[in-house]
Amino acid sequence: MNSASATHDPAFALDDLCIDTLRFLSVDAVQKANSGHPGLPLGAAPMAHVLWTRFLKHNPADPHWFDRDRFVLSAGHGSMLLYSLLHVTGYEVSLEQIKQFRQWGSLSAGHPERGLTPGVEVTTGPLGQGFGNGVGMAMAEAHLAARYNRDGFEIIDHCTYAIVSDGDLMEGVASEAASLAGHLKLGKLVYLYDDNRVTLSAGTDITFTEDRARRFEAYGWHTQLVDDGNDLGAIDQALRAARAEARRPSLIMVRTHLGYGSPSKQDTFEAHGSPLGEEEVRATKRNLGWPAEPAFVVPDTALAYFRQALDQGAQAEAAWRERFAAYARAYPELAHELEQLMRAEMPADWGVDIPVFAADAKGMATRVASGKIMNAIAPRLPALIGGSADLDPSTHTALTGLGDFEPTGADAFDRQGSDGGGWSRAGRNLHFGVREHGMGAILNGLAAHGGTLPFGATFLVFSDYMRPPIRLAALMGLHVVYVFTHDSIALGEDGSTHQPIEQLAGLRSVPQLIVIRPCDANETAVAWRVAIETCDRPVALILTRQNVATLDRAQFADADGLRRGAYVLADPPEGKADLILIATGSEVGLVVAASQVLLAQGVHGRVVSMPSWELFDAQPKAYRDAVLAPSIRARLAVEAGVTQGWHRYVGDHGDVLGLHRFGASAPGDILLREFGFTVENVCKRALSVMRWAARQCNSG
Ligand SMILES: Cc1ncc(C[n+]2csc(CCOP(=O)(O)OP(=O)(O)O)c2C)c(N)n1
């Protein structure tokens, strides 16, 4: 610990000493890194101090204690404020780590990263996302409390706090999430708005002049104004009032000053995202009565005050554990189930009811199969909750009879869209409304909170509206399942606006995201198994609107091959294959049919179903070579999307039948025909690729 006796006036209040400790730890770290954002910590330190020392229920020695309050620094660029708070309150973030801000291998990354730094709940930085995450966390808390608390046993009872900034409130995702949070009456959601009226490049007067209080009131939030961001009493009072407000989320608008105390940069965007500069740091310290040297001063008295969090946290957690033990005696089964949820463990029998689908040439849409599978899984998997962005009848993601998540005691309202089982906080069907971006951010919050395994559904084409939170789910390694239906031009008449073309390629480009496009009902069942079992990353299921044949697995390889990403579905009945036909999803049936026509012409084709590139890429080379035999260079991949990336699998001598343009409005079967997804065209392309490969081999 670097300690020094501050050269303050002895009358200098302890609170002020603590606040300046946070301010200058942050400023010094940014200055040392010569990179970062000093403005926010200088202005927002007082509200952070009041929240963290007087309200936040947490145990720095156990950052994963389940009933802790959640804190999100949505304005992630102000990360140094969070690292300072974590350090002084006793998390495993040493002063040395603070001094290594933004350096290779340090715990204090440029923006807060979940999983890297103890005490960081979610990765923030892309503005607006943390705002949405907090809503998801508050939903998780409300849901688990409704399901597991019993009279006298408030086992789940915590708040979600965030510091949000101008940029957060400007981003559309915050509006979506705020609208839903207000509707859902999430009373334990409390946001402090760092209302400093300056962003990265300007004052907000040139871009952001709406009446924020009235905007949030219109969403159904409880709003309060604190005129002076240094008025600790007013912040304290506002937080108390927010906590007392049980039926509305709270926005406390705290008027602050970006770069507070900096003589020449306060209230200017120059204080936002660059170090103040050595000279200005000295001037700011002088201005606020802080010792100019050394840097990284943490006065003993301030540290002792902050570190009370350790004792208080240990006591709070111990009391909770005692309560939990009594709860477990009174309600052993509930307690066992809740313990499993908190540990993210799955009941051993979660998958026993997953159906096996009989071979059927007419088949069913994989979205329909998915709906049946989800409904077979959900009763035995209490963690599974979720919904769609107003598309339940299309995405088939309703969990029938498992209740609809709604505000408790809501006034009578139109109950269309019920999935059965009653409207309450305990409902496992979440209705996101037409808010894909908000849904994505909320799913991340639900997953990060813990105790839930969230899924969210929409049409594949609208996954574009969710890309930022999908990326963050992958970055954080969150277990979220996306159900994206209507997965190709074959969706038909809705036309080019609704027909995904480049979305599969886009999703496959996200590191750590697993994308699975099953070819029939039984592959869909295995895809769901993989989605549930893959706990350390998100999984996107890509499903058809139209029927696809349910393959006869006595004739074709077992659907369990999906687990390996790609597998040989069928080899020629005799003789060596001289062609590999690869396809995903609905195009697998097409290449199966084409292979049979080709066989009649004496062409021996191997059919490979390749539902997931990511799962296949993770296989040992020997397996990959066994499926895509290097000796067979004539390969044709077929997928109703852009061809980008497929050459990795078909090689230099191979070909890809895909799409190089947007779709069109017409019945799906007509579109497939017009765009060349016919048996005849697959055969033609296959024969041509065989000729080409043979020529290349001969000339080579
Ligand atoms: C989605 C997104 N767009 C742009 C940025 C780049 N950016 C970082 S901070 C910032 C300005 C934010 O201003 P404000 O929220 O008021 O923060 P303050 O200036 O108070 O620190 C911008 C544009 C970002 N982080 N996220």
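First listed ligand is number 1; within each ligand, the first listed atom is number 1.
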Pairing donors with acceptors under 3.5 angstrom, does anything connect the side chains of [X] and [Y]?
X	Y	value
Ser165	Asp168	yes
Asp166	Thr199	no
His87	Glu96	no

Distance, nearest 0.5 Å, that separates CG of Leu225 from CG of Asp195: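 Going from the CG atom of Leu225 to the CG atom of Asp195 covers 8.5 Å.
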
Which residue supplies the protein heavy atom nearest to [atom], what is that atom called, and how far is it?
atom	result
atom 26 (N) of ligand 1	Leu127 N, 3.0 Å
atom 1 (C) of ligand 1	Glu171 OE2, 3.2 Å
atom 14 (P) of ligand 1	Gly167 N, 3.6 Å
atom 16 (O) of ligand 1	Val198 O, 2.9 Å
atom 20 (O) of ligand 1	Asn196 ND2, 2.6 Å
atom 21 (O) of ligand 1	His77 NE2, 2.7 Å
atom 6 (C) of ligand 1	Leu200 CD1, 4.4 Å

Proximity of His58 and Tyr91 rings by center, below 6.0 Å: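 Centroid separation for His58 and Tyr91: below 6.0 Å.
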
So, regarding [X] and ligand 1 (criterion: nitrogen or oxygen to nitrogen or oxygen, under 3.5 Å), is there a contact or not?
X	result
Pro126	no
Asp168	no
Asp166	yes
Leu40	no
Gly125	yes

Pairing of Arg23 and Asp20 as salt bridge, 4.0 angstrom limit: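 A salt bridge links Arg23 with Asp20.
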
Glu280 with Lys265: basic N within carboxylate O range, under 4.0 Å: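 Result for this pair is no, no salt bridge flagged.
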
Residue portion contacting ligand 1 (non-hydrogen atoms closer than 4.0 Å) for Leu258: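 Answer for Leu258: side chain.
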
Does at least one non-hydrogen atom of [X] fall below 4.0 angstrom from an atom of ligand 1?
X	answer
Gly39	no
His272	yes
Ala75	no

Heavy-atom protein contact below 4.0 Å for atom 12 (C) of ligand 1: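 Protein heavy atoms within 4.0 Å of atom 12 (C) of ligand 1 - there is at least one.
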
Geometric class of the Phe484/Tyr482 ring pair [parallel <30°, tilted 30-60°, perpendicular >60°]: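 The arrangement is parallel - the two ring planes meet at less than 30°.
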
Residue of the set Leu81, Thr21, Leu22, Asp16 for which side chain to side chain contact (heavy atoms under 4.5 Å, CB included) holds with His49: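 The passing option is Leu22.
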
Thr124 side-chain N/O to Leu73 backbone N/O, donor-acceptor pair under 3.5 Å: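 It does hold such a pair.
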
Backbone of Arg114 reached by a side-chain donor or acceptor of Thr123 within 3.5 Å: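 The answer is yes, because a donor-acceptor pair under 3.5 Å joins these two groups.
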
